[in-house]
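Below is one structure, written out as structure tokens; comments come after it.
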Amino acid sequence: METTVGVDLQACKVILENDGIVAIPTETVYGLAGNALSPKAIELIYVVKDRPRVNPLIIHISSANQLEQYAKNIPLAATRLMEAFWPGPLTLLLEKKDNIPSEATSGSPLAAFRVPDHPLTLQLLQSVDFPLVAPSANPFGYISPSSAQHVLDQLSGKIPYILDGGPCEKGIESTIIGFEGEKAILYRSGALDNEAISFVLGQNLEKYTPKSQAAPVTSGMMKHHYAPLTPMLLVDSLADFEIQSGVKVGIISFDTSYTVVEDQFQIVLSPSSDLLEAAKNLYSALHMMDKKNVELIIAEKVPHQGIGIAINDRLEKASNRG
Ligand code: TXA
Ligand code: MG
């Protein structure tokens with residue numbers, strides 16, 4: 001199959017209406033989208049991503065007004081969060097209505113919903129009469145794509161169309177929040193920082209811990225994920241780290257450039273120490289390093305605050321082995 005990259009919304013609409021799948025831009029990462037009401041499209045996503053069926057999909061809708069069509073018993077806390085942050089990098093786990101096929105949620109009575117903040121994808125969502133399921137557009141376990149080129153590198157020949165919306169503004173996946181009554185639970189740290197959520201709700205966020213083995217898997221629970229093919233090591237700081245001689249190393253640092261390796265083997269995520277910029281550059285840095293033929297990538301943690309918490313989470317998962 002030939003993969004076209006472009007901005008033809010009509011072509012995407014036709015593919016989606018025929019149970020096909022296309023890559024779509026969002027403000028977080030690119031998604032691999034299909035009709036959320038079509039088990040056939042959902043199955044295709046799992047096949048193309050080679051993703052375990054126990055790992056459910058996020059349902060993208062065009063506005064909060066659409067939610068009541070697909071979700072029920074919506075907590076007040078969820079309504080307050082969507083009012084504050086949608087469209088945006090926040091996913092809410094809510095009780096699903098029967099029209100959402102169980103294939104989209106791996107059999108769970110809960111479904112994940114979000115309104116993405118990207119003009120092309122919002123237009124596409126408005127043009128079809130179904131929501132879109134969209135996991136990140138990468139083979140399972142590998143680095144998420146933050147540009148159309150990343151998607152092409154990983155899925156060329158496997159999907160018909162990549163809607164090119166430019167580089168992703170946030171660069172890291174959405175924050176996932178579930179509820180126990182009115183209490184908000186953090187399932188995955190992400191581009192919307194925890195403090196902003198706590199501030200709106202006036203409560204501290206508790207981290208999700210699975211209560212049974214049968215609970216659906218979330219990437220927040222997986223130890224190894226978002227990973228380059230090259231082995232990766234995560235250190236607190238590269239400042240006093242000694243690199244073993246004889247090993248071809250690439251380094252990814254937060255704001256400092258180091259002299260231990262040649263310039264071509266190092267990427268500084270944000271020379272101006274800006275965590276938002278670091279998040280935006282993170283997956284590109286991992287993709288680029290993976291192409292440099294180094295034997296080991298050494299990355300340094302970023303300050304553990306705001307979106308830095310999600311960056312460190314991704315770096316940790318990328319550096320855990322198997
Ligand atoms: O920013 C994002 O969220 C991107 C863009 C494309 O929207 N999507 C994304 O999807 O990161 P994905 O599939 O790569 O990660 C979604 C996470 C998975 O770990 C999945 O297990 C969890 O959300 N999830 C989805 N539905 C769920 C459900 N019903 N219950 C528990 N976890 C769920
Ligand atoms: Mg993913």
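Whatever order the structure lists ligands and atoms in, that order sets their numbers, starting from 1. Index from 1, following the sequence.
No N or O atom of Y187 sits closer than 3.5 Å to an N or O atom of ligand 1. By the 3.5 Å distance cut-off applied to N or O atoms, R114 is counted among the residues near ligand 1. The shortest N/O to N/O separation between R188 and ligand 1 falls below 3.5 Å. Every N/O-N/O distance between K49 and ligand 1 stays at or above 3.5 Å.
Not a single heavy atom of P116 lies less than 4.0 angstrom from ligand 1. By the 4.0 Å heavy-atom criterion, K96 is excluded from the residues contacting ligand 1. Within the 4.0 Å heavy-atom cutoff, K170 does not count among the residues contacting ligand 1.
Side-chain atoms of K158 do not come within 3.5 Å of backbone N or O of T3 as any donor-acceptor pair. At distances below 3.5 Å, not a single donor-acceptor pair connects side-chain atoms of R114 with backbone N or O atoms of I58.
Under the 4.0 Å criterion applied to side-chain N and carboxylate O atoms, D153 and K291 are assigned as salt-bridge partners. Using a cut-off of 4.0 Å between Lys/Arg side-chain N and Asp/Glu carboxylate O, K280 and E27 are scored as not salt-bridged. Between E206 and K183 there is a salt bridge, since at least one side-chain N of the basic residue sits less than 4.0 Å from a carboxylate O of the acidic one.
Under 4.0 angstrom from ligand 1, there are no non-hydrogen atoms of S144. Contacts of H118 with ligand 1, taken as heavy-atom pairs under 4.0 Å, are absent altogether.
Every pair passing ring pair (Phe, Tyr, Trp, His ring centres under 6.0 Å) that includes a residue from residues 143-171 is listed here, sequence neighbours excluded: H150-H287.
Numbered from 1 in the order shown, with element, the atoms of ligand 1 that lie under 4.0 Å from a heavy atom of A134 read 6 (C), 8 (N), 10 (O). Within ligand 1, the atoms closer than 4.0 Å to a non-hydrogen atom of S174 are 1 (O), 2 (C), 3 (O), numbered from 1 in the order shown. Atoms of ligand 1 found under 4.0 Å from any heavy atom of T28, numbered from 1 in the order shown, are 1 (O), 2 (C), 4 (C), 5 (C). Short contacts between ligand 1 and G31, defined as distances under 4.0 Å to a heavy atom of the residue, involve ligand atoms 6 (C). Atoms of ligand 1 lying under 4.0 Å from any heavy atom of P135, numbered from 1 in the order shown and given with element: 10 (O), 12 (P), 13 (O). Residue contact check: N55 has heavy atoms under 4.0 Å from atoms 18 (C), 19 (O), 20 (C), 21 (O) of ligand 1. Remark: ligand 1 atoms within the under-4.0 Å shell around heavy atoms of L57 are 25 (C), 26 (N). Of all atoms in ligand 1, numbered sequentially from 1 with element shown, those under 4.0 Å from a heavy atom of I176 are 17 (C), 22 (C), 23 (O).
Side chains of T28 and S174: a donor-acceptor N/O pair is absent below 3.5 angstrom, by distance only. Using modelled atom types and a 3.5 Å distance limit, the side chains of D290 and T230 yield a donor-acceptor pair.
Atoms CG and CZ, from L282 and R314 in turn, are 9.0 Å apart once rounded to the nearest 0.5 Å.
Contact record, S253 with E300: CB-OE1, 3.3 Å, taken as the closest heavy-atom pair.
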Task: side-chain hydrogen bond (donor to acceptor under 3.5 Å, both in side chains) assessment of E173 paired with S144 - done: CA-CA 8 Å; E173 294 82 353; S144 301; 2.5 Å; yes
TODO: Report the C-alpha separation of I267 and M289 in whole Å, then their side-chain angles, then the decisive distance to 0.1 Å, and conclude whether the side chain to side chain contact (heavy atoms under 4.5 Å, CB included) test is met.
DONE: CA-CA 8 Å; I267 297 173; M289 269 300 167; 4.0 Å; yes
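Considering each of L32, I100, L110, T105, the one bringing a non-hydrogen atom nearest atom 29 (N) of ligand 1 is L110.
Taking backbone and side-chain atoms together, S144 has no N/O/S atom less than 2.8 Å away from the Mg ion (ligand 2).
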